Structures are given as structure tokens and as C-alpha cells.
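To start, the structure itself, in C-alpha cells.
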Amino acid sequence: MDALNVYAAKLAPQQESLAPGHRACQGCAELLAVRLVAKTLGRDYIIANATGCLEIVTSSFPHSAWQVPWIHVAFENAAAVASGVEAGIKSLKKKGRYPVDRKITIVAQAGDGGTVDIGLQALSGALERGHDFIYICYDNEAYMNTGIQRSSSTPYGAATTTSPAGKESIGQVTMKKNVAEIAVAHDIPYVATASPSYPFDLMEKVRKAADMEGPAYIHVLAPCPTGWRMAPNLAVSIGRLAVETKVFPLYEVVNGEYRMTVQYKHHRPVKDYLKPQGRFRHLQEKEIEFIQQYVDASYEKLLKKIAMSEG
Amino acid sequence: MHKVRNLGIEVSLGISEAVKLADVDAIAAYPITPQTHIVEHLSELVADGELNAEFIPVESEHSAMSVCAGTAAAGARTYTATSSQGLALMNEILFIIPALRLPIVMTLANRALSGPISIWNDHSDLMSVRDTGWIAIFAENGQEAFDLTLQSFKIAEDHRVLLPISVNIDGFTLSHVIEPHEFLSQEEVNEFLPPYQPLVQLNPDKPVSMGMVGIPEIFFEAKKAQDVALIESKAVIKEVFKDFGDRFGRYYNVIESYRTEDAETLLLTMGSISETAMEAIDVMRDEQGRRVGLLRLRLWRPFPVDELREMVKGVKTLAVIDRAVSFGGTGGPVAGEIRSALYSTADRPYVASFIAGLGGRDVTVKDFMDMAALAEKMEAEGEIHEYKMIGVRE
Ligand SMILES: Cc1ncc(C[n+]2csc(CCOP(=O)(O)OP(=O)(O)O)c2C)c(N)n1
Ligand code: SF4
Ligand SMILES: [Mg+2]
């Protein structure tokens, strides 16, 4: 499947494992991304889900949106629960008490809060132990489920309910934590960033991650109209702008080798990305300029790593 | 015919051998004194290929219990062990395991909760998780620890139960001592305890959603179902105790009694101090001719209310010895439980609540004799009290 081929849609699996009728907000790009992952993996996968929007909107008893086995235990432990599912099945397979003939992909999925803050320890433990699973972080850049509080994945300058913009503050004053790089530091076989605005790129990465032995980490930017204070019809285009402005480059790291998977010759200024979003509305030219410089510098750093991999 | 095989072995290792005989599929644990010897030995057994199981060396107890949730949900027979701070770190997940009806077996090497930090024994760790919905059983010696570990898998995994169990052993005073054990053979255990057959499991052939959101229209019903399951597990526990006894000759009861015939005063203990208490009873009976006896509470949850009511009939004084404090409360946690269990009964005994042996403080034969005498005096004088601490310097 060519990542940017417009005809690739025809090749995508018809089967859905995430049923319609879940309770996500209109225009939620997180659920769009989840649906693409579900399409890619079909029916042979098992999910360990962290507490958060995704769990709440898909599992209100007795209505489950999941047509694959799914377990939710708590907020910070999706990686640990997935480790257990993987290890349990491995053990049962060895003893002939679980179907051995097919590969079942184990997926841990969590929001940015469940990953970069409270779940970071469990994630690190699971990556370090080398379980054969995919961890997918759906990053909507705040604790959305509890009402848009800041996380360490909230970008500089964004207003949230616990990093409000005011006379004395421009909103979030810290830089977004780069968990994809933390995952890379665990020396695991596969790390990637992805976006539902680039569906085939995302699906290809999920496929690769599933086919690989050992842990894989995919960090998905999931625009959230509710929390980002924008119109629901903008989620997909904002996701594209994040890539076109270098704010969220799409790349993968296969066995330590970096590669940009979506490339643009010319990039747009970050203000094109910031402007449509209410959470950045209060920013002045000066701050936008600061963000531009930071984005440029981060992008340069990434390019160096890619150059080193190619070199 | 059951053949006897005796072996002198550290109690922790005896428990590991029971776990091995149970042929567990998965173990996830994090080291904490005094639980360490159990999981060290299990890692060895796995490393040597003597136990065919996945050993997941997690980065915390929170993850240990979370991994156990995953392995058990996948349908694997699952074991873990912890103590004190480790149990406290698991706390959040402990509540979720019985709600998910996952039959995990956990050894709890009882140790005081910090602070001040202490590695020594009392029951404050278990008491802090009283209302998590786990079955909680006490072993008093190595043989019991071995036997009850095996029986716990059978109880937990019974489809009428499907609840997690903690098997409590006193840290150090029991976990680290060498005791004679009568082991069972693999064939005997296989017959008693066939592989775990999950009722539901995570399997793409039959997808299920576990741990869904409990909206107000359903949450209460889910909780009631959980409570009923725990209460009704007592019948299965007794059934398994009997089956085990019939096979191997060692019978267990939800409350054990010692020289209680015609007793006017009963002591009530949990855990390994019961053995010292039995000595005290012998002295009081044989040398002083006093009508005293001992109840040893084996099953802490579900609380054996009916059995207790039956066993204290005609008793004048009941002295309950707790190994934990309910700060600012109305009695030790066990005494509080017993007072409420007996409140509505007609001829209830006078219940004295003593707190002893915190953080490894010795409880001696003399202490038990003093407590029996004090309780009788308090009964005679009709003293109204909440609780008294015994053996503390003031
Ligand atoms: C231990 C614990 N602390 C706090 C919470 C409350 N809580 C539930 S979801 C959530 C935020 C989720 O944020 P994120 O992981 O980013 O997912 P999102 O809802 O944004 O998709 C919080 C704080 C909890 N359930 N458990
Ligand atoms: S709050 Fe955001 S992430 Fe959550 S369901 Fe709504 S749009 Fe999706
Ligand atoms: Mg979030």
C-alpha cells in the first residue's frame, strides 16, 4: 500500500472491528485513527485499553463497540496488562491450551496522559522486557476525558483548563515531551509517528509493527475538536497542517534507523497550524515566532538523525 | 493411596514448590522483603525448566498486578506474591481483579506498613485491603501454607467462585523458618487440580469486552453480584477443604478451634501467633485448670459469620487479638468485625479487643495468659472499652 496513493483506499480492508455507534464527539480524529488501526489488524488482535476518552466512548455497558477481544483495567497500566495478555497466551500456546496456528497481535492503546505521564513507567517496563506487542498512543495533547487538563504532551502555548492563558500566562509553558524518542531509547525494533490524516501511512506502519517480533511503539497525533477548540470538520485538515508545518513530522525508526515517511518540499509556517485552533487563539506574534523557531530546531534535529541513518 | 514424603524446607520454598506442583502458567512479581525467597525460588524453577511458566519480572507491584490481570484474562493460571508496601502499591488494581472475576492466587507475606518503615510482621497490610473483594485465607505453619496454596487455585478457579485469593503467611516468623513439610506428588496434585478452564478468556475466536464502563443503571447490580459471589464462595471453600482432607488426610476449617470444649473464655487469633497461643492454652488448662480455649480464624474473607456464632455459643469472654490498628476506631479490625457479627445474637460473649505484636513485636505465652486474665477481669467488671494495646512501652 503506497502511503500517498489516492487509489490505495480501494485496497484497504472492508472489514471493521470497531463498530459504529460509539459515543465519541463529532469529528474526533482519535476514533478515526482507531478505526484505521482496526481495519489494518482485522480480527486477529486483542486490545488492552487504558482509561480515557477511547475507553469511555466505546465501552458503556452493555454496548461495546469492540468486535475483537478487549480489556480495560485502569488508567496507567495498559502496557502492563498487554504484557500479561502476551505472556499468558505465550505460556498457554506452549502448553497447547490456546490456538497455536495463527499470530495474534496484542495492542495496548492509551491517550497521551495514560502514556506520557501516569503510564510512562509501565510503558518503559513493557518495552524493556521485550514483549511482542504494539503500544499505540493516541495523543490529543491533553486529558480530554476529564475535561481538557494539560499533560506533558500538551504543546507550548496551548490553553487547557489547568494551563489557562491569562494576564500572567500564555497557557502551557513547557515543551511537549517527546515520547517517541523515549521509546527509541529502549532500542526496540519499531517506533513510528503517525496521523489519521495520512491513513495509508498510518496503516502501513501498523502493519509493519504487527509483523515485527518484539515491542513496537506508534505515536499518533489525534486532533480533538472539543479540546482544541475548533470546528469538528477541521480535524483531518489540522492533522495535515501539523505535518505540513513540521509540527508533527511523520517518520519511523526501524531497528534504530530513522526514515521520514511523509515528505514535503516546502513547509508552511506554524501559524497556519495554530490559527484555526481556539487553544492557541491568545498567542501573539512574538510567541508564534518562538514556536516557529522551536519547531524548526526540532525538525533539524530529526533530519540529522535521518541523515546519520542514511550515512 | 497417598504416600507420605517428608522434607524439612524453608516455608517460602515450600510455597514455591506448591506453585510449581500447581503447574501455573504465569507469574508476575516484584521483590519485597519478606516475600523475596518465594519468587526467587520460582524464577529458579522456571530457569531450570522445572516449571513451564512465563515469569514476568515487572518494574513495580502496580504492574505486577496489572500483568496478572492480563495473564489471567488470557486464561492462564496466574500467581504472584507480595508484602506491605508492595501490596499498597497494587491497591488500585486489587479492587478491579475481583470485579473482572479473575482467579489470581497471591501469597501475602504479612509485614507492617510504613511508617516508620519496618520489614517485620503484623497484619496492617492485609487490613488495608480488607474491602477489595479478595478471598483472604491464613496459614499458621509451613504445611498449611503449602496445602492452602494448592487449594487456593482450586477454590479461585471454580466457576462458582472465579475470585482472587490471598494466602497470608506471617513475614519472617513463618516465611523464613525451616519446617517439616509433607509434600504431595505431581500425580496427586494433577488429579486434585486439573488445568484452569476459564469461563471466558481473551480469544479472537470468541471476542469479549472486559472491564467496560459501569453506568449508574448497572454499577450497583455489578457490585451486588460480586458480593454474592464472595459470600457464596464459602461453601466452595469448605467443599475444597473437605476434598483435600479426604484425599490427603489433612482437614481444614474456616475457623479452627483448640481445646474449646466447655471453655468459658476463648482467645481468637489469626496467623502464626496461634501456635504460641496454643502453648498458652496448654499452660492455662493443664497447670492452672482454667477453662480457656482458642479460636484461630483461617478465613478472613468471606467472614465466616455463621461458624463464629456457633462456636462462641455459651462462651462468657472472647479476647480478640489483632495485629493491626484501625486508628481512632472502635477496636482492632478483627475485633470490630466480631463485635458486629455477634451484636444481634442473644447470649453473646463479652468481646475484649487487644492489639498486640505490631511491626514484629514478640507476643509471648505470658502475653496470651495476661490477655486471657485481663479479658476475664474486664468481663467481670463489665468494663466498657474500645481496645487496649498489649506489650507497648508507655
Ligand atoms: C489513577 C487515576 N488517576 C486519574 C484518573 C482520572 N482520569 C481518567 S481519564 C484521565 C485523562 C485521560 O487522558 P488521556 O490519557 O490523554 O486520554 P484522553 O481522554 O485525552 O483520550 C484522567 C486524568 C484515573 N482514572 N485514574
Ligand atoms: S474529547 Fe476529543 S478525543 Fe475525546 S471523544 Fe471528543 S473529540 Fe474525541
Ligand atoms: Mg489525551
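Worth knowing before you read on, the calculation uses all heavy atoms, side chains too, and leaves out hydrogens, waters and symmetry mates. Predicted model only: the values in this text are computed from it and were never measured.
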Evaluate the ring planes of A:His131 and A:Phe133, with Trp represented by its six-membered ring, and classify them as parallel (under 30°), tilted (30 to 60°) or perpendicular (over 60°). perpendicular
Going by the angle between their ring planes, with limits at 30° and 60°, are A:Tyr143 and A:Phe75 parallel, tilted or perpendicular?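 Ring orientation of A:Tyr143 relative to A:Phe75: perpendicular.
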[X] versus chain A, the contacting section by heavy-atom distance below 4.5 Å:
X	result
B:Ile93	side chain
B:Val58	both
B:Gln201	side chain

Which of [options] touches chain B most, by non-hydrogen pairs under 4.5 Å:
options	answer
A:Ser91, A:Ala48, A:Gly125, A:Gly88	A:Ser91
A:Lys90, A:Glu128, A:Arg129	A:Arg129
A:Ile47, A:Val85, A:Asn49	A:Val85
A:Glu76, A:Gln67, A:His63, A:Glu55	A:Glu76

Full working for side chain to side chain contact (heavy atoms under 4.5 Å, CB included) between A:Leu120 and A:Lys177: CA-CA 11 Å; A:Leu120 191 59; A:Lys177 192 191 281 184; 3.9 Å; yes
Does the distance from a Lys or Arg side-chain N to an Asp or Glu carboxylate O, for [X] and [Y], drop under 4.0 Å?
X	Y	answer
A:Lys176	A:Asp112	no
B:Lys154	B:Asp243	yes
B:Glu54	A:Lys94	yes
B:Glu232	B:Arg160	no
B:Lys223	B:Asp227	no
B:Glu17	B:Lys20	yes

Chain B neighbours within residues 37-44 of chain A, where any heavy atom lies under 4.5 Å away: A:Arg43, A:Asp44
Which atoms of [X] come close to chain B, meaning under 4.5 Å heavy atom to heavy atom: side chain ones, backbone ones, both, or neither?
X	result
A:Val73	both
A:Pro99	side chain
A:Ile104	side chain
A:Ile46	side chain
A:Ile89	both

Which one, [options], leads in non-hydrogen pairs under 4.5 Å with chain A?
options	answer
B:His62, B:Lys206, B:Glu59	B:Glu59
B:Ala69, B:Ala72, B:Ala53, B:Gly75	B:Gly75
B:Val213, B:Thr71, B:Ile218, B:Thr78	B:Val213
B:Ser209, B:Ala73, B:Pro57, B:Ser63	B:Ser209
B:Glu217, B:Glu92, B:Arg77	B:Glu92
B:Asn52, B:Asn203, B:Ile97	B:Asn203

Hey, could you give me the OG/CD1 distance between A:Ser152 and A:Ile118, rounded to the nearest 0.5 Å? 11.5 Å
Value rounded to 0.5 Å, distance of CE in B:Met90 from OG1 in B:Thr80: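 These two atoms lie 4.5 Å from each other.
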Is a side-chain donor or acceptor of [X] paired with a backbone partner of [Y] at a separation under 3.5 angstrom?
X	Y	answer
A:Thr51	A:Ala74	yes
B:Ser16	B:Ser12	yes
A:Glu30	A:Ala222	no

B:Arg101, CZ atom: more than 12 neighbouring heavy atoms under 6.0 Å: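 Above 12, so yes.
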What's the verdict on side-chain hydrogen bond (donor to acceptor under 3.5 Å, both in side chains) for B:Ser66 and A:Asn77, showing C-alpha distance, side-chain angles and the deciding distance? CA-CA 6 Å; B:Ser66 303; A:Asn77 65 353; 2.8 Å; yes
Residue-level interface, residues 21-36 of chain B with chain A, non-hydrogen cut-off under 4.5 Å: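 Near chain A, by residue number: B:Asp23, B:Val24, B:Asp25.
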Check the pair B:Phe244 / B:Phe192 against ring-ring contact (aromatic ring centres under 6.0 Å, His included), numbers first and verdict last. CA-CA 8 Å; B:Phe244 188 89; B:Phe192 172 70; 5.5 Å; yes
Assess whether side chain to side chain contact (heavy atoms under 4.5 Å, CB included) is satisfied between B:Ile135 and B:Ile155, documenting all intermediate values. CA-CA 10 Å; B:Ile135 296 172; B:Ile155 295 163; 4.1 Å; yes
